Structures are given as C-alpha cells and as structure tokens.
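Scroll down for the structure; my scribbles are underneath it.
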Amino acid sequence: MKPYVFKVSAIVLLLGALWACQKDSDPAAPAVAVTAPKWDVQQPRTLLYDVELKGYTKGALAMTRTTTLELNFKGGGAVIARFGDAATDYRLTMDSTGVVAPQQPGQPYSPILDLLAQIPPAGLAKAEVGSRWEVLTPSEKSVQANADACIIQSRRTFKVLFADATSIKMEHDGDLRVVDNKAAATNFETMFGTAGGALARQAWTQWRHFLTGETTFSTTGNCLKSATYTAVILPGINMDDTDLKASPEREELSIRLRP
C-alpha cells in the first residue's frame, strides 16, 4: 500500500496575518453587546488543548493524529508550545490576534499552530450576530502593485454565528485563486501552450473554495475555545461546503480547550 502523506499546504496558505474589511451585516441580525475576542498574551499562564488531525484519500481514512497542545505563556508575548506526541519545544512570540512566529530564525514550526490565529488583525468592527467580514491575503493594493509577479491570493470570509457576554462563535470559509495578471498569462502559456494556457488561466484565476470551519473564542478567558476545519488540497471549480465535507481527498482538524 502506498503510504499516505499528510499535506497541510492549503491550511498554511490560508492562515497568518490578515487585512480585514467590514461587510454589511445581515439586516435581521439582533444586536448583542459582547466583547471583541482577543488573546491575552501578557499574563503568565498555561493552556492545554486536545488536537485531532485526520487525512482521507480515495474516500477512506488514511491517517489520524490525536495529541495535546500545551501553550505555556511566559508573559510579554513569549510562548512555549509543546505537542504531547513530539519531543520538540516551539519557542514563539504571539500577538493578541493569535499570530505566532518563531523567536529565532530556523526554529522548527508546526502548521497546526496557525489555527490559533483566527482573529483579523484589525479586530472585529462589529461583534453582533450576523456581522460579516472579508479578508484578502495579499491585499488588493499589494496585488495591483505587483502585476509582474505570479500571485496566489486567499480570501477568507467571517460570519458571527453566536455572541454573548462570555464567548463568540464565527464561521470561516476560505477560497484561493491565481491572480489574473500579466505574469499569470505568461506562466500559463509557457506551461500549457497558447490554447491550453488560456483554458488553464480561465480555470485557475477563478476563486476556488477549499476550506470551511467554525471557531469559538472565550471573551472572558481571552483565548481560543475550539476550532474545526475541513480542507481540500486541490479544490475543484464550484465546490461548496457540502462538496468539501464529502470530498474523497480531504483533511479534517479539530482543536479544543480542556476545562
């Protein structure tokens, strides 16, 4: 049997520092007074999470990783992260949106840690139920300034599903595309020829849905409570959430804070 190789490139591509722009709220959404979510990275404390990772190939479960993630906050944004099934310590810095970075270049890093960064850097302009945001990485301004570069752009959409005085739950969807610029046209034509390049360009410059999930933050504990995601490595055209969750080639990841 061919060994299954668990790929996380799609998840890594999606997560990281994001620029947020507010969208219109649902007109019928009730206003709920809540505190916007943020990580407390200044106070020393230790948090323990249960993590489960599943990989499917040809519709069958091909691998499972069940472990714990310990986050030891040292204060001032310094964090030591440890997985229960690995001997490596990850020495990181974290900001209030959950974005983590190695303290020194060349240190080992796990893409699972990117799941901690699920708050747009600008915060939530509104935390009411039904509020929506869109996040583009890189930004449209950056894309337009680099027409000669071949760019893969991600789009994240956020929607507040639930909010009260103690927690907030958000829905996340992710899409990818190759930016349709001069560099894309040249590269597709080089790889596939004139006719094939035109077809490939048309197909891959469309937004392709590749990830869906939900995140719950504790606004009293100032930390992630739980997150679940389903992602595909090679998204097809016109995929929706149902297609993602039923895809024979998919990855599922969940993380949950222990009481």
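Values in this document were obtained by computation on a predicted structure and should not be read as measured data.
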Can you name the closest pair of heavy atoms from [X] and [Y] and give their distance?
X      : Y      : result
Cys223 : Arg45  : CB-NH2, 3.9 Å
Ala200 : Phe188 : CB-CD2, 3.7 Å
Leu113 : Leu92  : CD1-CD1, 3.7 Å
Phe158 : Gln118 : CE2-O, 3.7 Å
Thr220 : Ala165 : CG2-O, 3.7 Å
Gln153 : Leu136 : NE2-CB, 3.9 Å

Do any N or O atoms from the side chain of [X] and from the backbone of [Y] form a donor-acceptor pair under 3.5 angstrom?
X      : Y      : result
Thr67  : Gly84  : yes
Asn146 : Ala149 : no
Thr230 : Lys245 : no
Ser142 : Ser139 : no
Asp95  : Gly98  : yes
Trp39  : Leu116 : yes

**OP:** State plainly whether the residues Glu70 and Arg82 are in salt-bridge range, i.e. N to O under 4.0 Å.
**Re:**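 Yes, Glu70 and Arg82 are salt-bridged.
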Original post:
Any Lys/Arg nitrogen of Asp85 or Arg65 sitting under 4.0 Å from an Asp/Glu carboxylate oxygen of the other?
Top reply: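 Yes, this pair counts.
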Mind checking whether [X] and [Y] sit in one hydrophobic cluster, side chains of I, L, V, M, F, W, Y counted as touching below 4.5 Å?
X      : Y      : answer
Leu69  : Leu47  : yes
Leu199 : Leu234 : no
Phe210 : Met239 : yes
Val232 : Ile152 : yes
Leu257 : Leu71  : yes

Can you tell me how far apart [atom1] ([X]) and [atom2] ([Y]) are? Round to the nearest 0.5 Å.
X      : Y      : atom1 : atom2 : value
Lys54  : Thr66  : NZ    : OG1   : 7.5 Å
Ser131 : Lys159 : OG    : NZ    : 10.0 Å
Thr212 : His209 : OG1   : NE2   : 5.0 Å
Asn238 : Asp243 : CG    : CG    : 9.0 Å
Ile168 : Glu128 : CD1   : CD    : 9.0 Å
Asp175 : Glu134 : CG    : CD    : 9.0 Å

Subject >> Polar side chain donor-acceptor pair, Tyr90 to Gln103, under 3.5 angstrom >> reply: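 No pair is found: no donor N or O on one side chain lies under 3.5 Å from an acceptor on the other.
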**OP:** Compute whether any side-chain donor of one residue and acceptor of the other, for Thr215 and His172, lie under 3.5 angstrom apart.
**Re:**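 Side-chain D/A pair, Thr215 to His172: present.
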**OP:** State whether Tyr56 and Arg250 meet the cation-pi test: NZ (Lys) or CZ (Arg) under 6.0 Å from the six-membered ring centroid, and within 45° of the perpendicular axis.
**Re:**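 Cation-pi check for Arg250 and Tyr56: passes.
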Original post:
Quick one: is the NZ or CZ of Arg201 closer than 6.0 Å to the six-membered ring centre of Trp204, and within 45° of its axis?
Top reply: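 Relative to the ring axis of Trp204, which defines the angle, Arg201 lies outside at least one limit.
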Check whether any side-chain heavy atom of [X] sits under 4.5 Å from a side-chain heavy atom of [Y], and report yes or no.
X      : Y      : value
Lys169 : Val160 : no
Val41  : Lys38  : no
Glu249 : Ile233 : no
Leu53  : Ile112 : yes
Phe83  : Ser110 : yes
Tyr109 : Pro102 : yes
Phe73  : Met94  : yes
Arg156 : Asp173 : no

**OP:** Run the numbers on Ile237 and Gln206 for side-chain contact (heavy atoms from CB on, under 4.5 Å), then give the verdict.
**Re:** CA-CA 8 Å; Ile237 299 174; Gln206 299 180 41; 3.9 Å; yes
**OP:** Go through Arg155 and Trp207 one step at a time and tell me if the side-chain contact (heavy atoms from CB on, under 4.5 Å) criterion holds.
**Re:** CA-CA 8 Å; Arg155 179 178 68 189; Trp207 286 111; 3.3 Å; yes
**OP:** Begin from the C-alpha positions of Tyr229 and Glu214 and carry the test side-chain contact (heavy atoms from CB on, under 4.5 Å) through to its verdict.
**Re:** CA-CA 7 Å; Tyr229 288 91; Glu214 294 180 353; over 6 Å; no
Answer yes or no: does atom [atom1] of [X] have more than 12 heavy-atom neighbours from other residues, nucleotides or ligands under 6.0 Å?
X      : atom1 : answer
Arg91  : CZ    : no
Arg256 : CZ    : no
Gln202 : CD    : no

**OP:** Begin with the C-alpha distance, continue with both residues' side-chain angles, and end with the deciding distance and a verdict on side-chain contact (heavy atoms from CB on, under 4.5 Å) for Leu224 and Tyr49.
**Re:** CA-CA 9 Å; Leu224 176 74; Tyr49 291 87; 3.9 Å; yes
